[in-house]
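One structure is given below, encoded as structure tokens.
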Amino acid sequence: MITKWIILIIIVFLIYWSLKNLQQAKKQSTESKKEIEDMVCCAHCGIHIPRSESITADKKYFCSLDHQQLYLKPSQ
């Protein structure tokens, strides 16, 4: 009789634990979707990088200072 109660308690605990983990996973996935950022293309090499990591000059985006200087050098 006691083993039935112990098994029932374990089953209830496992259901509770799995539902709690499922809710946390859903919450984390919705938070990660909010962090999606615009991608921009380097004017020199064409690689796509997040806007926050890019360097801007003359309304153009660059992946590094070297590419910015190489791109702007002929026009100076």
How long is the span from the SG atom in Cys42 to the NE2 atom in His67, to the nearest 0.5 Å? 6.0 Å
What distance separates Ser54 OG from His48 NE2, expressed to the nearest 0.5 Å? 12.0 Å
Quick one: salt bridge (charged side-chain N to carboxylate O under 4.0 Å, His left out) pairs with a partner in residues 38-57, sequence neighbours left out? Asp38-Arg51
Identify all side-chain donor-acceptor contacts of residues 13-25 below 3.5 Å with residues at least two apart in sequence or on another chain.
{"unit_1": "Ser18", "atom_1": "OG", "unit_2": "Leu14", "atom_2": "O", "d": "3.1"}
{"unit_1": "Ser18", "atom_1": "OG", "unit_2": "Ile15", "atom_2": "O", "d": "3.0"}

Nonpolar side-chain network containing Ile49, other nodes, edges under 4.5 Å: Val40, Ile47, Tyr61
Hey, could you give me the SG/CG distance between Cys45 and Asp66, rounded to the nearest 0.5 Å? 11.0 Å
Name all residues meeting the side-chain contact (heavy atoms from CB on, under 4.5 Å) criterion together with Leu65; count only those two or more places apart in sequence or in a different chain, and write none if there are none. Ile55, Gln68
For residues 5-15, the salt bridge (charged side-chain N to carboxylate O under 4.0 Å, His left out) pairs (sequence neighbours left out) are none
Compare every heavy atom of Lys60 with every heavy atom of Tyr71, then report the nearest pair and how far apart it is. OH-CE, 3.2 Å
Atom of Phe62, atom of Ala43 and distance for their closest heavy-atom approach: CE2-CB, 3.7 Å
Sequence neighbours excluded, the answer for side-chain contact (heavy atoms from CB on, under 4.5 Å) partners of Ile2 is Ile6
